Amino acid sequence: SVTPSLPLEFILLGFSDTPKLHWFLFGIFLFIYIIILLGNGIIILITRVEPTLQTPMYFFISNFSFVEICYVSVTLPRMLMDLFTLKGTISFFACATQLCIFLIVGAAECFLLAVMAYDRYVAICHPLHYSVVMSHKVCTQLVVGCWVIGMPIQVGQTYQILSLPFCETNRINHFFCDILPLLKLACGNIFVNEIVVFLFTVLIVTVPFLLILASYVRIISTIFKLPSNTGRSKAFSTCSSHLIVVILFYGSGCITYLKPKSNKYEEADKLFSLFYTILTPVFNPLIYSLRNKDVTGALKKLFTRSLLRGFMRFMSDKMIEFILLGFSDIPSLQWMLFIMFLFMYLTILMCNSIIILLAKSDPTLQTPMYFFLSNFSFLEICYVTATIPRMLMDLYTLKGNISVLACATQMYFVLMLGGTECLLLAAMAYDRYVAICKPLQYALLMNDKVCLHLVAASWISGIPVEIGQTYQIFSLDFCASNRIDHFFCDIPPLLKLACGDTFVNTVAVYVVAVLFVMVPFLLIIVSYVKIICNIMKLSSAKGRAKAFSTCSSHLIVVVLFYGTASITYLQPKQNQSEGMGKLLSLFYTILIPALNPIIYTLRNKDIMMSLSKLKNKLSPWQFVQLN
């Protein structure tokens, strides 16, 4: 007999039955996710900025759009990751978390749709009392109630589902953790659990639906009592969008959760889930915008007022481009600098590419340490490419003109890649800590999935922060000059051109610098304190030397990069001289990336051996080619 137990992880089968369509599905769902975020984000924005939309109806619509964003973000990112990695493994805890949040947000959507129906009922059936009944306080309480009321119920629902024994398999035939596919994996008598699921479904889905039905019965009866056709069509137009959304969401939701459980309809279950979890949130912004004159009017106003006025103001300021002064103060050395930086750029590209090639081709380097090192080398290539090609062009043409858009783009990539480098260096320090302090658990703690997640997090974490950082810098007024005394667009020289009070911007720069420079640096210090303590406990001098040799290269790079970056971004603005700022920037943007491959190869026996192997493989081939 099979002993029931809690699995360590589940496997989401998703769309594994159609492997040829994985990339196609990834593209479609990524596009849909972006559309949902943009569509619902625009609705939230216009209801906040447009005075004519400051009404209870649009307050609920903006909250509904926020719920939709949360709703799809529970399932779609996970599904996209599974399609991208071609793996569907999900830990027991992650599955429980996804199920719980999905149920809570789904319940909030059901109750919010009922509240929106009540709002329409009061507006049409009791128009004279509308402002009193639907006051701002009442609206806020209703929205909070929609979120809060389902939380304890759905936490209990999640607990009772995942406390079941799973002894058949751990393979969930679905694209996310949902109640019905999990119940199919449970063994033993689950009749009580099914009854509880039905009761909760009736409470969360059917009761709000009956309230909506009762509201619309009264609304329709009131509309038909209106004397004019114009009045009836106008009253009904305020409800039609909500009514369509209710039918789409409740229809597919009720069919999914209230129909009898059967293994025959697993693919149909997936289809219905796909409809109410992904397709309905796509339609909602279209339904609420295309069928609503107030929203379409507000959209037109937003684009004409914000974009056109901003553009006209921008043009009137005549700040259509900046001038990067670079090394214009030493014109006689321009060509020498061009050749020197070109040589350094080619060296960086070649050396880091060789490290990537070695890490991918040599089986002995297929370890987490070299996986991080190859990603670090790729990052270095991206990092120098954000600045050196532009600098080479300026030295070659003897011009430094750069458009505002190009300047903003360059600064964003420099900041984003710099933040990624800081976080990746912290991840590499953690890898060394696990390898030296917990060698027996290294393979488990630093498996492929964990390494991939750490690298992905290093790249993604800084993106929204640096977009905001770039936006707040370029939203300043530049009235002093358009001449940037630097060789690329960076924060300190741009802040010097801004007029007015830049205190808030300076504080924001410090906060982001502390977040992406000092916090990872402190994590690295903690890791190395533990590493050094552990190394000192080793009995043999040879063991200590070997352990320290795996960290020394990384430690040198950390000191070089963090030292210069910290001085550049964390020193007070008034203490920064242009010459010193350029020198420090030149050091951490160009010289350190050039030194990194040398540090990692000359101080690393594994890479040196792999490099000699590669040379031996290529030498006979070159000899044959010459003959």
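Computed from a predicted model, the values in this text were never measured in an experiment.
- Proximity of the aromatic rings of Phe413 and Tyr383 is defined here by a centroid distance below 6.0 angstrom, and this criterion is not met.
- Counting heavy atoms of neighbouring residues, nucleotides and ligands inside a 6.0 Å radius, atom CZ of Phe66 does not exceed 12 of them.
- The environment of CZ in Phe378 is sparse: at most 12 heavy-atom neighbours from other residues, nucleotides or ligands sit within 6.0 Å.
- Looking at Ser374, its side chain does come within 3.5 Å of a backbone N or O of Phe371 through a donor-acceptor pair.
- Within 6.0 Å of CZ in Phe474 there are more than 12 heavy atoms belonging to other residues, nucleotides or ligands.
- Around CG of Asp448, the count of heavy atoms belonging to other residues, nucleotides or ligands within 6.0 Å does not exceed 12.
- Within 6.0 Å of the NZ atom in Lys449, the count of heavy atoms belonging to other residues, nucleotides or ligands exceeds 12.
- Between the side chains of Ser73 and Tyr33, at least one donor-acceptor pair of N or O atoms lies under 3.5 Å.
- Proximity of the aromatic rings of Phe376 and Tyr370 is defined here by a centroid distance below 6.0 angstrom, and this criterion is not met.
- Shortest non-hydrogen contact noted between Leu423 and Ala457 is CD1-O, 4.5 Å.
- Environment of CE in Met609: sparse, with no more than 12 heavy atoms of neighbouring residues, nucleotides or ligands closer than 6.0 Å.
- Only one option out of Asp490, Leu495, Leu494 pairs with Pro492 in a side-chain contact (heavy atoms from CB on, under 4.5 Å); it is Asp490.
- Below 30°, between 30° and 60°, or above 60°: for Phe84 and Phe26 the angle between ring planes is between 30° and 60°, a tilted geometry.
- A ring-centre distance under 6.0 Å is found for Tyr528 and His554.
- Between Phe102 and Tyr71, the ring centre distance stays below 6.0 Å.
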